[in-house]
Amino acid sequence: MRRLGEYILFLKKMFSNREPLTTYVRLFFQECINIGINSLFLVGFVSLFVGAVIALQMAYNIVSPLLPKYIIGLATREMMILEMAPTLSAIVFAGKVGSQIAGGIGTMRITEQIDALEVMGINSASYLVLPKIIAGMAMLPLLAILSAALGIWGGYLATIFGNLSPTEDYIYGIQNTFVSFEVPFAIIKAFVFGFIVTSISAFKGYNVKGGALEVGKASTDAVTASCIAILAADFILADTLLS
Amino acid sequence: MIEIKNVGKSFQGKEVLMGISATFEKGKTNMIIGASGTGKSVLLKTIVGLFSPDKGSVLYDGRDFHASTIREQKIIRGEIGMLFQGSALFDSLTVAENVRFPLNIHSDMSESEKDDKVNFYLKRVGLENAAHKMPSEISGGMQKRVGIARAIVMNSQYLFCDEPNSGLDPQTAWMIDQLIHEITQEYNLTTVIVSHDMNSVMEIGEYIMFMYKGLKIWEGTKDEILDAEPKELKDFLFSNKLVRTFKGI
Ligand SMILES: Nc1ncnc2c1ncn2[C@@H]1O[C@H](COP(=O)(O)OP(=O)(O)OP(=O)(O)O)[C@@H](O)[C@H]1O
Ligand SMILES: [Mg+2]
């Protein structure tokens, strides 16, 4: 509970007395490139396979001839967009980007680089963290969209190579009874997760005390805490936005 | 000139500084010495505003730092340069970018003026050839010199150094000491150095303040220090063989 209070104070410190906005624009774009590229490959790879596996397992589960084959496409789409794309991307993102943020900021803390910024009169919390948070909130929705697309494509490939159903059925399935709110819902989720991962990881790194060992611990803590927070937020968002 | 008045600081009920007063004059290398864990770094960090004191005040040429508004503090900070124990260079920036960094924050110079300034100070510390290297590619002594260049690039008035020659061989350490001393006189800085290296104290210390467990026990010049009275200071000084030999005991 005390950690939560410190976390909120940390977020507040970030917004009080920050540098002029122009300072952040360049930092923001740097972070976007850094963060985006960092997790692009793994998110893509995971999504493709998860989509394929969903399709395979759906096909395996449909034993009844009464169930139409297009269910495979429909289920792959639903699962990818609603849950897998935003949540799985966020978890991968926490593992790759979150640990990197905590490690990077933690190292800056123990090598007194953060003190050096403060002595120069810079609000180190906002200078270091704000661009990362905003970049995370901008990039994770993009990654989630990519993830959903690749997942659905992965299911399509599995349908072809696994001979699960005629491809027309799969295509029909992914278009069938499409609820358009699901896409903005997924984007909102990714947006929130982007904030969660970057801010928690930065918080962990910023408060490192000690040496290299503690930095390593902060990195793993950042991933653990981010994952727990992602799943909790996932539940809360589903509960509030879908009912 | 920097005056500190009755500065006190505790962490979680543990009193680290117990009311310290001192005056650090302009154009002089002022040194804070003392054993490990006596609060030298905490005092230095309180003076530069990284910690806020529980009591007392820090005056920069009459301006009370901790009582100033954030805007006023920012002005004073533009005049402060600090060299950290581990140099604290930004490891994602090149040497030249590190030195340029304070200019980007505090000054509205044109890019070419900044270039000139960065080159000037890199040359002053003898590193014009390392401008495009990364901090990880240069030696510890070179990192310290980059740190010094970064600390004075803003035409700083006040220079703070936390153990500037820790982790350096005696010759490089001597060179860093000399560089700080020269720069202090050249630019008429108020320089405050934390150290426990008696060699640098005897080389460049013009005003010396000895700390022991959060208190100032003694102050004076390097000519007076070998005859100083307090037992704690004697223990500190004469644990060093060189100083003993020098004094003939
Ligand atoms: N941020 C902090 N929080 C809690 N205690 C601290 C903090 N910084 C320093 N201390 C404590 O204050 C005391 C003095 O530390 P300080 O770093 O000033 O010693 P020092 O004189 O610089 O020693 P050294 O020569 O080893 O650098 C130590 O006991 C340390 O544990
Ligand atoms: Mg120290």
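Proteins get letters first, then strands, A, B, ... in listed order; numbering begins at 1 in each.
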Notebook entry, point to check: To the nearest 0.5 Å, what is the distance between CG (B:Leu50) and CD1 (A:Ile114)?
Noted result: 11.0 Å
Next item on the list: Please flag which part of B:Leu89 lies under 4.5 Å from any non-hydrogen atom of chain A: side chain, backbone, both or neither.
Entry: backbone
Next item on the list: Can you see which heavy atom on A:Glu112 is nearest to which on B:Gly86, and at what distance?
Entry: OE1-N, 3.9 Å
Note to self: Under a 4.0 Å threshold between the charged nitrogen and the carboxylate oxygen, would A:Glu118 count as salt-bridged to B:Lys45?
What the structure shows: no
Margin query: Taking atom CZ as the centre, does A:Phe191 end up with more than 12 heavy-atom neighbours from other residues, nucleotides or ligands that are less than 6.0 angstrom away?
Written below: no
Margin query: Quick check on A:Phe181: does its CZ atom have over 12 non-hydrogen neighbours (other residues, nucleotides or ligands) under 6.0 Å away?
Written below: yes
Notebook entry, point to check: Is atom CG of A:Leu241 surrounded by more than 12 heavy atoms (other residues, nucleotides or ligands) closer than 6.0 Å?
Noted result: yes
Checklist line | Other residues, nucleotides, ligands: >12 heavy atoms within 6.0 Å of B:Lys55 NZ | finding: yes
Check: After noting the C-alpha distance and the side-chain angles of A:Ile122 and B:Phe101, does the key distance pass the side chain to side chain contact (heavy atoms under 4.5 Å, CB included) rule?
Finding: CA-CA 11 Å; A:Ile122 297 168; B:Phe101 193 91; 3.4 Å; yes
Item checked: Heavy-atom neighbours of B:Lys216 NZ exceed 12 at 6.0 Å -> yes
Next item on the list: Please check if atom NZ in A:Lys217 has more than 12 non-hydrogen atoms from other residues, nucleotides or ligands closer than 6.0 Å.
Entry: no
Next item on the list: Taking atom NZ of B:Lys213 as the centre, report whether more than 12 heavy atoms of other residues, nucleotides or ligands fall under 6.0 Å from it.
Entry: no
Note to self: Using every non-hydrogen atom in the two residues, find where A:Ala116 and B:Arg150 come nearest and quote the distance to one decimal.
What the structure shows: CB-NH2, 3.7 Å
Checklist line | Least distance between heavy atoms, A:Gln113 atom then B:Asp91 atom | finding: NE2-OD2, 3.0 Å
Margin query: Quick check: do B:Phe84 and A:Val119 have side-chain heavy atoms less than 4.5 Å from each other?
Written below: yes
Item checked: Among the listed options B:Arg77, B:Met82, B:Met154, B:His106, the residue most often paired with chain A at heavy-atom distances under 4.5 Å -> B:Arg77
